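Only one structure is covered here, and it is reproduced in the block below.
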Amino acid sequence: MGKTKLLACDMDGTFLRSDRTAHPDNLSAVREAVEQGILFCLASGRGISTIRPFLAELGLKGPVVSSNGAHVVGLQGEVVFDSVLSPDAITEIVAFADRHGIHLNRYHGEEITFSGDGPHAQLYRDRVGCEPPIASMRETMSLPATKLLFVGTPEEIDGYQSLIEPLLPTGLVSVVRSEPEYLEFLPGGVTKGAGLQKLAAHLSIKPEECAAIGDWLNDLEMLEWVGRPACVANAHPEILAVCPEVFPDNDSGGVASFIRTLTGSVEGV
């Protein structure tokens, strides 16, 4: 297998432990990889403003695939790709959320806004460590959005997904589950995999020179595109099914184990 030049790593459930902090072994393994010339890319559904503290912890400015591929930055934080939902899609999604009393997050560039407060807003705050301003549904309809996100119980999200998908403008919206409690709406054709492709093209890196590790359904396209896909042991069954290499779970530093097979520190598992 050829040398890996670019490693894309999911954050929540993969790089981060269950308490949403980085495993110390993962941090040290990333630094080792970077010293050997491997480019390390955090690839997340998170908005980029909530990824930056982890970049700082690693001493990096980029690259990053954020908002599940809708906002991508390069080595020095330069914007490589940015996409927004169409006004018609925003109107349909926000109106649906308003009718059903759904908590809605809006993302655009560095911005995150909440549609209101309550237990679902608090769940997101606790997980991501941010305090977004409130924007009413009416205001949100008029604002640009890189992506929109519903937050609810897993059972609620199942129901919302089945109801809203037939209402969305054909081809203009990609719908993805990034956690059991989240339903995400992205511009048509946008995925983590597509975002990583744009980054790799920007860096003149081939698919076979890329590796990736993840855990959830929004990682699927990314894992299918790279030359060396892997997942952590706590991954969703559909992700476990497509990954030839499975490493210890996110609470046990599985990312570090994977990285050290790339750097030659240990043999693969």
Side-chain angles (χ1 to χ4, degrees), residues 11-13 20 44-51 66-71 82-195 216-221 236 238:
M11 290 182 63
D12 296 278
R20 311 282 167 162
S44 177
R46 292 184 181 217
I48 195 162
S49 60
T50 60
I51 298 174
S66 68
S67 293
N68 276 319
H71 186 78
D82 185 72
S83 185
V84 293
L85 286 157
S86 71
D88 287 348
I90 292 171
T91 297
E92 190 67 59
I93 295 162
V94 176
F96 182 95
D98 198 22
R99 289 196 303 272
H100 293 271
I102 302 167
H103 176 82
L104 177 74
N105 289 2
R106 168 192 157 269
Y107 305 76
H108 183 247
E110 300 286 336
E111 302 172 1
I112 304 174
T113 59
F114 282 177
S115 62
D117 210 340
H120 296 316
Q122 192 58 49
L123 171 73
Y124 194 85
R125 285 192 194 98
D126 291 343
R127 286 181 173 178
V128 180
C130 64
E131 191 63 50
I134 304 296
S136 69
M137 294 292 192
R138 184 183 185 90
E139 183 181 0
T140 300
M141 278 192 189
S142 66
L143 295 171
T146 304
K147 76 167 188 174
L148 296 170
L149 170 72
F150 290 174
V151 186
T153 67
E155 296 75 21
E156 287 171 340
I157 293 298
D158 288 341
Y160 299 149
Q161 184 170 1
S162 64
L163 288 174
I164 196 171
E165 285 188 324
L167 305 177
L168 297 173
T170 304
L172 295 182
V173 184
S174 294
V175 181
V176 67
R177 293 287 288 271
S178 54
E179 297 218 24
E181 300 86 0
Y182 299 166
L183 185 64
E184 304 208 7
F185 304 91
L186 302 159
V190 168
T191 65
K192 272 192 199 182
W216 204 253
L217 298 172
N218 57 322
D219 298 319
L220 180 61
E221 292 86 358
H236 188 282
E238 289 185 35

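All values derive from a computational prediction rather than experimental measurement. Residue numbers start at 1 and run along the sequence shown.
Heavy-atom contacts from other residues, nucleotides or ligands closer than 6.0 Å to CZ of Arg99 number more than 12.
When all heavy atoms of Ile102 and Val151 are compared, the closest pair comes out as CG2-O, 4.3 Å. The two residues Ala70 and Val190 have their closest heavy-atom pair at N-CG1, 3.5 Å. In terms of heavy-atom proximity, Ala97 sits nearest to Phe150 at CB-CE2, 3.7 Å. Of all the heavy atoms in Gly189 and Ala194, the pair that sits closest is O-CB, 3.7 Å. A pairwise comparison of heavy atoms in Thr146 and Ser67 identifies CG2-CB, 4.0 Å as the closest pair. Closest of all the heavy-atom pairs between Pro187 and Ser174 is O-OG, 3.4 Å.
Expressed to the nearest 0.5 Å, how far CD1 of Ile134 lies from OG of Ser115 amounts to 7.0 Å. To the nearest 0.5 Å, atoms CD (Glu179) and CD1 (Ile157) are separated by 11.5 Å. To the nearest 0.5 Å, the span separating OH on Tyr182 from CG on Leu217 amounts to 15.0 Å. Of the inter-residue distances, the one linking Leu168 atom CG with Ser86 atom OG reads 9.5 Å to the nearest 0.5 angstrom. Considering CG of Asp12 and CZ of Arg46, their distance stands at 4.0 Å, rounded to 0.5 Å. The CD atom of Glu110 sits 6.0 Å away from the OG atom of Ser49 when rounded to the nearest 0.5 Å.
Contact check for His236 versus Arg177: no side-chain heavy atoms found under the 4.5 Å cut-off. Residues Glu181 and Leu123 meet the side-chain proximity criterion, which asks for heavy atoms closer than 4.5 Å. Here the side chains of Ile48 and Tyr107 are not in contact, with every heavy-atom distance at 4.5 Å or above. The closest side-chain heavy-atom distance from His100 to Ile164 is not below 4.5 Å. Using a 4.5 Å cut-off on side-chain heavy atoms (C-beta onward), Arg106 and Glu111 make contact. Inter-residue side-chain proximity for Thr191 and Val176 is flagged as unmet; no heavy-atom pair is nearer than 4.5 Å. The closest side-chain heavy-atom distance from Val175 to Phe185 is below 4.5 Å.
Under the 4.0 Å criterion applied to side-chain N and carboxylate O atoms, Glu184 and Lys192 are not assigned as salt-bridge partners.
In this structure a side-chain-to-backbone donor-acceptor pair under 3.5 Å is missing from Arg125 to Pro132. No donor-acceptor pair closer than 3.5 Å links the side chain of Lys147 to the backbone N or O of His71.
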